[in-house]
Amino acid sequence: VQLQASGGGLVQAGGSLRLSCAASGRFFSINVMGWYRQAPGKQRELVATISSGGSTNYADSVKGRFTISRDNAKNTVYLQMNSLKPEDTSVYYCNAELVVLTNTLPLTYNYWGQGTQVTVSS
């Protein structure tokens, strides 16, 4: 199983970026998908999550500016980032909880993508 993130880059303050993260490999379904970020010298923090049913959760710092969505048919999660600020500069990581079927019962595994750099200049 692999999570492949893309869409990072350099943008001026006030600009927008859209991140994508696609899950591939052998699994039965995906539960929660989300985005986290980690700035240099800081701990990784939650940005937003979305359940398989579409319920969303956002960090207070991004509410009203970022929108998380997913395409279940494509096993892909997106993060639309608007009104970007210099403090949004971080490496952004996607995360997904995948369900794998075994001979006895389904098991869930947590996976991380490789990270994509977002830099917002002032």
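Values below: all heavy atoms of this structure, side chains included; hydrogens, waters and symmetry mates excluded.
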(message) Apply side chain to side chain contact (heavy atoms under 4.5 Å, CB included) to residues Q4 and Q114 and explain how you reach the verdict.
(response) CA-CA 7 Å; Q4 184 67 44; Q114 83 282 12; 3.2 Å; yes
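- The nearest pair of heavy atoms linking S52 to N72 is O-ND2, 3.5 Å.
- To the nearest 0.5 Å, the span separating CG on N110 from OG1 on T108 amounts to 8.5 Å.
- A side-chain donor from one of Q117 and T119 sits under 3.5 Å from a side-chain acceptor of the other.
- With contacts defined as side-chain heavy-atom distances shorter than 4.5 Å, the pair R18/M81 does not qualify.
- Residues V32 and W35 are members of separate hydrophobic clusters, defined by side-chain heavy-atom contacts under 4.5 angstrom among Ile, Leu, Val, Met, Phe, Trp and Tyr.
- Sorted by first and then second residue, the ring pair (Phe, Tyr, Trp, His ring centres under 6.0 Å) pairs with a member in residues 82-122 read Y36-W112; sequence neighbours excluded.
- In plain terms, the two heavy atoms of L79 and A48 that are nearest each other are CD1-CB, 4.4 Å.
- The line from OG1 of T49 to CG of N57 is 4.5 Å long, rounded to the nearest 0.5 Å.
- Residue pairs meeting the disulfide bond (SG atoms under 2.5 Å apart) criterion with at least one partner in residues 75-122, sequence neighbours excluded, are C21-C94.
- You'll find the side chain of S90 stays beyond 4.5 Å of the side chain of R44, heavy atoms only.
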Let me check something: any side-chain donor-acceptor pairs from residues 61-68 under 3.5 Å, sequence neighbours excluded? List them with distances.
residue: S61; atom: OG; partner: R37; partner atom: NH2; Å: 3.4
residue: K63; atom: NZ; partner: D60; partner atom: OD1; Å: 3.1
residue: R65; atom: NH1; partner: S83; partner atom: O; Å: 3.0
residue: R65; atom: NH1; partner: D88; partner atom: OD2; Å: 2.7
residue: R65; atom: NH2; partner: S61; partner atom: O; Å: 2.8
residue: R65; atom: NH2; partner: D88; partner atom: OD1; Å: 3.0
residue: R65; atom: NH2; partner: D88; partner atom: OD2; Å: 3.4

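- The two residues Q80 and S16 have their closest heavy-atom pair at NE2-CB, 3.9 Å.
- Legend: residues meeting ring pair (Phe, Tyr, Trp, His ring centres under 6.0 Å) with Y78, ordered by chain and number and at least two apart, are absent.
- Checking side-chain atoms of T89 against main-chain N and O of E87 turns up no donor-acceptor pair under 3.5 Å.
- The stretch residues 52-83 participates, sequence neighbours left out, in no disulfide bond (SG atoms under 2.5 Å apart) pair at all.
- When the side chains of ILVMFWY residues are joined at heavy-atom separations under 4.5 Å, either directly or via intervening members, I30 and L46 end up in two distinct hydrophobic clusters.
- Side-chain atoms of T116 come within 3.5 Å of backbone N or O of G8 as a donor-acceptor pair.
- Scanning all heavy atoms of the two residues, the minimum distance from P86 to S122 falls at CG-CB, 3.8 Å.
- Counting heavy atoms from C-beta outward, V118 and L19 have side chains that approach closer than 4.5 Å.
- Hydrophobic clustering (ILVMFWY, side-chain heavy atoms < 4.5 Å, transitive): M33 and Y58 are in one cluster.
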Would you be so kind as to tabulate the donor-acceptor pairs closer than 3.5 Å made by side chains of residues 97-104, with sequence neighbours excluded?
residue: E97; atom: OE1; partner: N31; partner atom: ND2; Å: 2.8
residue: T102; atom: OG1; partner: T104; partner atom: N; Å: 3.3
residue: T102; atom: OG1; partner: T104; partner atom: OG1; Å: 3.3
residue: T102; atom: OG1; partner: L105; partner atom: N; Å: 3.1
residue: T102; atom: OG1; partner: L105; partner atom: O; Å: 2.5

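- L107 is connected to V1 through a chain of hydrophobic side-chain contacts under 4.5 Å among Ile, Leu, Val, Met, Phe, Trp and Tyr, so both are in one cluster.
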